[in-house]
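One structure below.
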Amino acid sequence: MPLVNFRPAPGINKEVTDYTGQGKWTDGDMVRFFQGSAQKIKGWEKFIPTTLVGAARDQHAYVALDGTRYNAVGTDRKLYVIEEGIAYDITPLRRTQARTNPFTTNATTSVLVSDSGHGCVAGSFVTFDSFSTIDGLDMNKEFEVTSVVNTAAYIVTHTGTASGSTSGGGGTGNMKYQINPGPEFSLPAFGWGTDTYGASTWNTPRSTSNVTLEARQWSLDNFGQILIATALNGGAFEWDPDDGVTTRATAIANAPTASRLSLVSTPDRHIIFMGTEGTIGNTNTQDDLLLRFSSQEDRNTYQPTAENTAGSLRIADGSRIVAAERSRGQILVWTDTSLHALQFIGPPFTFGLRQLGQNCGIVGSHAGVDINGVSYWMSQDSFFLFDGSVKKLPCTVEQFIFNNINVTGAENAFAGHNGEFNEIMWFYPRTGSDQINAIVAYNYLEQTWWTGTLSRTTWTDREVYDNPVASEYLSTTTANNEVILGLTDGATQMFLHETGNDADGQAITAFVKSGVVQIAQGDEFAFVSKLIPDVEDQAGVLNAKLEFKNYPNNSTAVTKTTSFSDTTDFVSLRGRGREFTVNVVSNTAGTAWRLGTQRFDIQPDGRR
């Protein structure tokens with residue numbers, strides 16, 4: 001009997017059963033499809049040796065006028081800029097205050113700090129300088145606020161134990177407060193106004209909510225070489241490389257003080273704030289559907305006059321602006337329910353706004369990406385593209401993704417582009433996890449999908465750097481980039497991707513599993529005696545697990561496991577049944593592979 005070729009169609013299809021999935025791959029992890037073949041993804045290594053405070057929510061790489069490369073990273077707690085491998089904390093200050101004798105010790109590591117109107121929350125960061133030592137404790141350090149006592153006092157934790165108890169000491173010095181951190185992840189809000197009136201009994205805690213506390217997001221861009229950073233529902237800040245990496249970002253003069261996001265339009269160069277204030281400087285007037293733009297080439301003028309091009313527009317469809325991306329000849333703006341185009345039309349109106357689609361909102365502020373004028377995004381229950389018209393993207397893993405997604409945490413979903421492999425990747429949290437812990441990727445040239453457990457909170461493609469740069473949140477690790485006393489767990493590690501074959505020196509477990517290969521029908525059985533492997537670029541050992549069944553729901557399947565290297569001619573199997581599935585696995589360091597067409601020696605084996 002001739003050898004039987006085995007080469008399933010490229011891409012993962014999770015919308016079918018194993019039996020219906022004949023000729024398809026039905027499951028996989030850390031395996032992409034490129035030029036029609038399944039291959040293990042490449043590895044990664046540390047981009048910088050240190051870890052950053054908090055969970056990264058956006059990053060933006062650019063080149064300054066002198067040729068220096070910068071990568072800005074915004075976390076839920078800090079704002080950083082990475083200059084040639086070293087990360088610097090440029091988190092803006094919200095308050096600087098001189099105080100005399102603010103510290104109270106109690107012979108422990110806890111220190112009470114008195115400062116009326118401090119404005120801190122638990123997890124805020126404050127730096128003290130110019131104070132005297134108190135009870136053996138040097139307080140001229142950066143601290144994380146451990147807890148807030150009241151509006152006039154809070155507690156920090158020192159690494160040392162005070163030698164005594166002193167009420168009101170430390171002499172005269174300065175307190176420098178960074179902008180307060182935001183939520184680490186999105187959570188339902190419970191309390192007054194989170195449900196309809198009369199929905200439950202008075203003074204009873206609610207177990208469900210239709211209101212979400214949004215995680216701290218950043219929108220990062222550059223105006224020339226000046227970094228523009230806007231915190232979700234917070235202020236807008238700028239940082240100039242000419243001021244040096246030890247200088248913190250500062251508030252943009254005259255800009256709105258509460259916006260959902262911002263970006264810089266090109267080539268006309270307006271800074272556009274979205275979901276921003278009706279009255280600049282009054283956070284109570286924030287309108288989630290209002291767009292406000294600066295005068296052209298002027299990042300400090302937002303009040304429109306006859307002599308400038310500043311102005312504002314308002315979107316009518318949706319409840320809030322969620323995301324925006326520069327596209328070909330326009331800026332695409334998503335609300336939670338719709339898509340709009342913002343186009344520069346020149347004076348006197350400056351920008352024009354038109355709606356492109358309804359019922360096609362985006363799930364999060366970084367869940368969309370534009371590739372050469374075609375935009376792709378994740379909505380609350382589907383994937384979409386816009387190439388001149390809004391279209392739902394056919395997806396062979398759609399139910400698997402959206403039936404197993406953390407709906408609230410999906411606001412942190414991040415879309416990245418990997419140009420080397422023509423992929424758009426969405427990193428998202430599965431049910432049961434508040435943090436991103438999964439990936440779904442789409443090859444837009446070959447129109448194939450794959451899924452996996454790669455967890456990255458941000459991604460930027462190879463442009464400024466030779467390889468893509470991504471971030472991973474490590475919830476049980478304390479950041480070590482800077483010395484902060486009382487720092488709690490939660491850190492981000494930055495990685496350089498598509499390099500080597502391993503996960504920063506550790507083995508990557510990768511597998512791809514096929515649907516059924518039917519080898520006999522009716523009462524007939526068949527016998528598989530031999531596998532002839534066909535693998536390109538193989539390094540290390542590759543394992544194959546074949547599961548033989550007589551019926552699709554057979555609970556007494558027989559599993560045959562074998563392995564082969566790049567010098568293996570064939571392997572013996574001795575498996576019998578009407579059908580079998582193939583699971584190709586690698587789990588040792590240094591392995592690499594790209595599957596070609598495998599062949600099986602199959603012989604008739606009689607009846608029952």
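Please read all numbers here as calculations on a predicted model, not as lab measurements.
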TODO: Please determine, by modelled atom types, if Glu142 and Gln178 share a side-chain donor-acceptor pair under 3.5 angstrom.
DONE: yes
Open item on the list: Whether the Thr109 and Thr157 side chains hold a donor-acceptor pair (N or O, under 3.5 Å, no angle test) is what I'd like checked.
Closed with: no
TODO: Evaluate ring-ring contact (aromatic ring centres under 6.0 Å, His included) for His497 paired with Trp459, printing each intermediate quantity in order.
DONE: CA-CA 10 Å; His497 272 256; Trp459 178 283; 5.0 Å; yes
Task: Glu446 side chain vs Gly36 backbone, donor-acceptor pair below 3.5 Å - done: yes
Open item on the list: Hydrogens and angles aside, do Thr337 and Asp317 bring a side-chain donor and acceptor to less than 3.5 Å of each other?
Closed with: yes
Open item on the list: Tell me every residue that passes ring pair (Phe, Tyr, Trp, His ring centres under 6.0 Å) with Phe143, counting only those two or more places apart in sequence or in another chain.
Closed with: Phe128, His158
Open item on the list: Would the distance check show the side chain of Gln286 and the main-chain N or O of Gly275 forming a donor-acceptor pair, the cut-off being under 3.5 Å?
Closed with: yes
TODO: Please list, chain by chain and in numerical order, all residues satisfying ring pair (Phe, Tyr, Trp, His ring centres under 6.0 Å) with Phe384, sequence neighbours excluded.
DONE: Trp377
TODO: Please determine, by modelled atom types, if Ser586 and Trp593 share a side-chain donor-acceptor pair under 3.5 angstrom.
DONE: yes
Task: Side-chain ion pair, Arg326 and Asp221, N-O less than 4.0 Å - done: yes
TODO: Evaluate the criterion side chain to side chain donor-acceptor pair (under 3.5 Å) for residue pair Glu15 and Gln399; output intermediate values, then yes/no.
DONE: CA-CA 7 Å; Glu15 308 293 272; Gln399 291 187 72; 3.2 Å; yes
Open item on the list: I'd like to know if Lys549 and Asp18 make a salt bridge, using a cut-off of under 4.0 Å between side-chain N and carboxylate O.
Closed with: no
Task: All side-chain contact (heavy atoms from CB on, under 4.5 Å) counterparts of Ser475, not counting sequence neighbours - done: Tyr473
Open item on the list: Measuring centre to centre across the rings, with the benzene-like ring taken for any Trp, is Tyr428 within less than 6.0 Å of Phe414?
Closed with: no
Open item on the list: Applying side chain to side chain donor-acceptor pair (under 3.5 Å) to Asp29 and Thr453, what does each step give before you reach the verdict?
Closed with: CA-CA 7 Å; Asp29 188 11; Thr453 55; 2.8 Å; yes
Open item on the list: Under 3.5 Å, is there a donor on one side chain and an acceptor on the other for Ser338 and Thr335?
Closed with: yes
Open item on the list: Less than 4.0 angstrom from a charged side-chain N to a carboxylate O is my criterion; do Arg260 and Glu214 meet it?
Closed with: yes
- [ ] Assign the ring pair Tyr465 / Phe47 to parallel, tilted or perpendicular, where the plane angle (0 to 90°) is split at 30° and 60°.
- [x] perpendicular
Task: Between Asn480 and Thr50, a side-chain donor and acceptor under 3.5 Å - done: no
Task: Ser124 and Arg77 side chains, donor-acceptor separation under 3.5 Å - done: no
Task: Test of ring centre spacing under 6.0 Å for Phe548 and Phe580 - done: yes
Task: Lys/Arg N to Asp/Glu carboxylate O, Asp466 vs Arg462, below 4.0 Å - done: no
Open item on the list: Please confirm whether the ring centroid of Phe34 lies under 6.0 Å from the ring centroid of Phe421.
Closed with: yes
Open item on the list: I'd like to know if the side chain of Gln506 reaches the main chain of Ile508, judged simply by a donor and an acceptor atom lying under 3.5 Å from each other, with no hydrogens or angles considered.
Closed with: no
Open item on the list: Under a 3.5 Å cutoff, is there a donor and acceptor pairing between the side chains of Asp370 and Ser327?
Closed with: yes
Task: Under 3.5 Å: donor-acceptor pair, side chain of Asn543, backbone of Val584 - done: no
Open item on the list: Trp449 and ring-ring contact (aromatic ring centres under 6.0 Å, His included): which single residue from Trp25, Phe383, Phe33 fits?
Closed with: Phe383
Open item on the list: Any donor-acceptor pair under 3.5 Å linking the side-chain atoms of Thr492 with those of Ser471?
Closed with: no
- [ ] Taking only Lys NZ, Arg NE, NH1 and NH2, and the carboxylate oxygens of Asp or Glu, determine whether Asp504 and Lys46 approach each other closer than 4.0 Å.
- [x] yes
- [ ] State whether a side-chain donor-acceptor pair under 3.5 Å links Ser259 with Ser262.
- [x] no
Task: Leu595 versus Val535, closest heavy-atom pair with distance - done: CD2-CG2, 4.1 Å
Open item on the list: We want to know whether Asp336 and Ser319 form a side-chain donor-acceptor pair, criterion being a heavy-atom distance below 3.5 angstrom.
Closed with: yes
TODO: Measure centre to centre between the rings of Tyr444 and His417, then say whether the value is under 6.0 Å.
DONE: yes
Open item on the list: Using the rule side-chain contact (heavy atoms from CB on, under 4.5 Å), only one of Leu52, Thr91, Asn71 pairs with Tyr80; which is it?
Closed with: Leu52
TODO: Measure from NZ or CZ of Lys78 to the centre of the six-membered ring of Phe125, then state whether that distance is under 6.0 Å and the direction lies within 45° of the axis.
DONE: yes
Open item on the list: Under a plain distance cut-off of 3.5 Å, with no hydrogens placed, do Asn467 and Glu498 share a side-chain donor-acceptor pair?
Closed with: no
TODO: Determine yes or no for a side-chain-to-main-chain donor-acceptor pair under 3.5 angstrom, with Trp450 supplying the side chain and Gly28 the backbone.
DONE: no
- [ ] Nearest 0.5 Å please: distance from the CD atom of Glu184 over to the CD atom of Gln435.
- [x] 5.0 Å
- [ ] Could you verify whether a donor N or O on one side chain and an acceptor N or O on the other, from Gln39 and Asp537, lie under 3.5 Å apart?
- [x] no
TODO: Using distance alone, with no hydrogens and no angle criterion, decide if Thr591 and Lys40 have a side-chain donor and acceptor under 3.5 Å apart.
DONE: yes
Open item on the list: With a 4.0 Å cut-off on N to O distance, would you call Lys14 and Glu398 a salt bridge?
Closed with: no
